[in-house]
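Lettering of chains follows the sequences in order, A, B, ..., and the numbering in each one begins at 1.
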Amino acid sequence: MQTYRLAPDDRAKPASSPPAADEVLSGLNPEQREAAAATDGPVLIIAGPGSGKTRALTHRIAYLVATGKARPSQVLAITFTNKAAREMRERVDRLVGGDISRYMTIGTFHATFARVLRREAEALGYTPDFSIYDTDDSQRAVRQLMESYHIDPKQFTPRAMLGLISSAKNRLVGPSEYARLAVGAAQEKAAKLYPAYQDLLRKSNAMDFDDLLLRPIDLFRNHPEVLDRYRERWRFVHVDEYQDTNHAQYVLTKLLADGHRNLCVVGDDAQSIYAFRGADISNILSFQRDYPEATTVRLEQNYRSSKSIVRLADGIIRNNTKQLEKNLWTDNDEGEPILVLEALSEKDEAQKVERRIRDLCVRRGLRYRDIAVLYRTNAQSRSMEEALRREDVPYRIVGGVSFYQRREIKDALAYMRLAVNPHDSGSLRRIMNVPVRGIGDKSQDLLFAWAERAGLSAWEALQRIDEVSDLGSRAVRTMTAFRDLVAGFIEAAPTAPAGDLARRIVNETGLMHELLREQTLENLVRRENLEELVSAIQSFTEDPDTESTLSAFLQEVSLLTDADERGTGDDKVTLMTLHASKGLEFAAVFVTGLEEGLFPLSGAAQNPEDLEEERRLFYVGTTRAERLLYLTYARSRYRYGEQESAVRSRFLDELDPSLLRTETGDPFASRPDRFAPRPAVKYDTLAPDYFRASLRPEPGVGARKPGAPPTFGRGTPGLGAGALRGPAPAPRRLPEEERPRRDAYDEDETRRIVYDEEPPSALATGMRVEHSLFGEGKIIAMEGSGAQAKATVFFPEVGQKKLMLRLANLRRIG
DNA sequence: TATCTCAACCTTTTT
DNA sequence: GGTTGAGATA
């Protein structure tokens, strides 16, 4: 968790005296130096991959402070991720000395303005304890609304509806304007939901991710004196990864910077990969129009990659039409040719990658942490994980389901949100019957409908439960019990230490108890997660550097992704999506799944703009590599539960073959004519099962009809893979799942395992241990002590687990 | 009202 | 392969 002070006293001298200005700039090349030292007026830094753009930005911040141009608190730096923010802080501290960065505002747009909103909530009619809804929460809300508006969730998914609303919000289009602009069935439905959705959020004292940007804009526009305060405070504004800002972020930046015009943005239009969530590349392209007096610096030298990688990447991006001309070059060695690996299936692909990884470590002396495996979709991580696990190669997955996204955690968090913000009807709905307490959907609907009619929040309606018509006596009874339970939490929230309250909630609601009912692997992990949540809350609120309330914790946590998690230090291979790899670098990189329909994704291949974004994504992926780059594809892949044949990606054939080698050492042969029209192939069902091909339309065949409106999110219904498929193969019997037999534990046994066992002492890294459910494994790391002691154990059978010793009952063996 | 079973449908990418 | 929704049953 990052430290943040609302009212820092940074006039106090930093621990060590600031270094001389030119000292801060040493170690930069002339262009970077120019960018860092241009501190008067707007600056645009156009920078290629690996050019040290974030570095230039960081040095600029240090330079501002060292020259006395800015006090630390006057610095605002917006990064793309929390992790980037943390790294920037560390570097600033190293450059300037001491812990100067704590006085600066460094963070993502969302985190920064969530804190602003916390301070200014009243001016907007919210309380500082407002809830933050993530995409999941928002989707639930939309789904709820769709029910009352009788919109069929099959025809229009909540996800798609929310997407439309969200993109309207990002463009600052309000509900009434959107209703005027809406074209087509989907948008008209969304136009109905939009005002209701906003209404629901406001009544719940809640904001979604978009609101975190929109409400500050409202604030600044309607309260000029507040805007002046923030302009005064943040005299120097910096935005990293500017190519990925959306319209709301653009407006926000402009509002803040227009007074003093000390705005420095850094970006690379070629690395814009977030258009799908509203990023607007024209923000960076029109910077010079908005700020004609801006200094523009180009960073074109690449320090990261070998010549062949830079040349390959340059070749990729030249296939795009809309691109600022840039001259990428590097002084680095020629390096090695890029290797293309062809595999039979995704399993084979994973195995080939895994072998290469071990080879790189054994023969080339790379460490695991120097290696990254990148893929287009999260689903692809599975086969890779299996292969690595089989050979005991340690790995870390970035992204995917993060800790705070897990169901049990979200349930617990919902109770806590409700405790600090009782009007949060979304959270109330989520947990009213969790764990199951006999309050069914029907009763809930009645309650919510009544609340709606009475203009009350669901919580207020619960206070007047006797007046709610049509409720059965049983429902009234269970709801009253629920109300009294939650009332206890609400009452305790303002005064009780947050850790205590969290523990109370986990215990008294029965969330924990529920997980004791059945002794499964799943439940054990869930219990440990709840324990970990409670201790996380404890340590957050005990930290003197942060605002130590439960509601502050809840707000911080809803903006956390696990890309941000600790443990960058340990030696593991990194697995992540191409999107998540932005800004990182590795000695060796595998870009996997280079197949038509996957990368580029099938939906994107039809639309030239989407295709260019996919290509930029490929560009981003390849430029993560310093020395070794591998491009892999499989000729068949398991998707939607069936093995489908695959064609290698067009991106491979766009590459300069002279830079590529195949596994046998032969040059790579491109097939430029691959996209010429071909007769549709028919596969009969007698073909070996794993080569059964889906009869997907060939690329191009399924393209949008000319003149038809663009479809958002989903393709044309009815033309999916299922429509043309032959008879389904006989279902394959899965081996009986290995579960502990229920009768292996009697009541006493269960309790003993969970509570009474002394924490096994004298466990240490490297020891082999046995776990009742996971089997045998090896301890990779230990942390914490006493009741909080945890061990990270690698189980060959199930993978890596972090276990609380108090609960896990580990036995040393061997 | 809760819980079980079966079938449809599904997948981008994320602050 | 996994999830989610509908329908049947206790």
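- Remark: ring of A:Y274 not stacked against base of B:dT13; the cut-offs of centroid gap under 5.5 Å and plane tilt under 30° are not jointly satisfied.
- Look at A:R382 and you'll find a side-chain N or O under 4.0 angstrom from OP1 or OP2 of C:dG2.
- Atoms CE (A:M576) and P (B:dT13) sit 15 Å apart, rounded to a whole Å.
- Put simply, CG on A:L162 is 16 Å from P on B:dT14, counting in whole angstrom units.
- For A:R637 and A:E349, the salt-bridge test passes: some basic side-chain N is under 4.0 Å from an acidic carboxylate O.
- Looking at A:N283 and A:T245, their side chains do bring a donor and an acceptor atom within 3.5 Å of each other.
- Between A:R616 and A:Q271, the side chains place no donor N or O within less than 3.5 Å of an acceptor N or O (distance only, hydrogens not considered).
- The distance from atom CG of A:L559 to atom C1' of B:dT15 is 8 Å, rounded to the nearest whole Å.
- Between the CG atom of A:N170 and the C1' atom of B:dT14 there is a distance of 12 Å, rounded to whole Å.
- In the interface, the side chain of A:T135 is not paired with the base of B:dT14 through any donor and acceptor atom under 3.5 Å apart.
- Taking atom CD of residue A:Q139 and atom C1' of nucleotide B:dT12, one finds them 13 Å apart after rounding to whole Å.
- Distance, A:R639 CZ to B:dT11 P: 12 Å, rounded to whole Å.
- Contact check, A:R143 against C:dG5: a side-chain N or O comes under 4.0 Å of OP1 or OP2.
- Side-chain atoms of A:E595 and A:S649 include no donor-acceptor pair closer than 3.5 Å.
- A donor atom on one side chain and an acceptor atom on the other are found under 3.5 Å apart for A:Q380 and A:T377.
- Both the sub-6.0 Å distance and the 45° axial angle are not jointly satisfied by A:K410 relative to the ring of A:Y404.
- Each of A:R159 and A:D210 was assigned the nucleotide of DNA chain B with the nearest heavy atom; the assignment lying further toward the 5' end belongs to A:R159.
- Residues A:T79 and A:D240 bring no donor and acceptor atom of their side chains to less than 3.5 Å of each other.
- Residues satisfying the ring-ring contact (aromatic ring centres under 6.0 Å, His included) criterion with A:H579, sequence neighbours excluded, are A:Y274, A:F276.
- A distance of about 15 Å separates the P atoms of C:dT4 and B:dT13, rounded to the whole Å.
- In this structure, A:E614 atom CD and B:dT13 atom C1' are separated by 8 Å, rounded to whole Å.
- Counting to the nearest Å, the C1' atom of B:dT15 and the CZ atom of A:R115 are 14 Å from each other.
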Report task. Give DNA chain C the dot-bracket treatment, 5' to 3': Watson-Crick (N1-N3 with N6-O4 or O6-N4) or G-U (N1-O2, O6-N3) under 3.5 Å, [ ] crossing, | other strand. Result -> .|||||||||

Query raised in the report: For every nucleotide of nucleotides 1-7 of chain B, 5' to 3': is a protein heavy atom under 4.0 Å from its base (B), only from its sugar-phosphate (S), or from neither (-)?
Result: SSS----

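- Within the 4.0 Å cut-off from OP1 or OP2 of B:dT15, not a single side-chain nitrogen or oxygen of A:N82 is found.
- Using modelled atom types, one finds no donor on one side chain facing an acceptor on the other under 3.5 Å when comparing A:S138 with A:D208.
- The side chain of A:L601 has B:dT12 as its nearest neighbour among C:dG1, B:dT14, B:dT12.
- Residues A:S551 and A:R417 bring no donor and acceptor atom of their side chains to less than 3.5 Å of each other.
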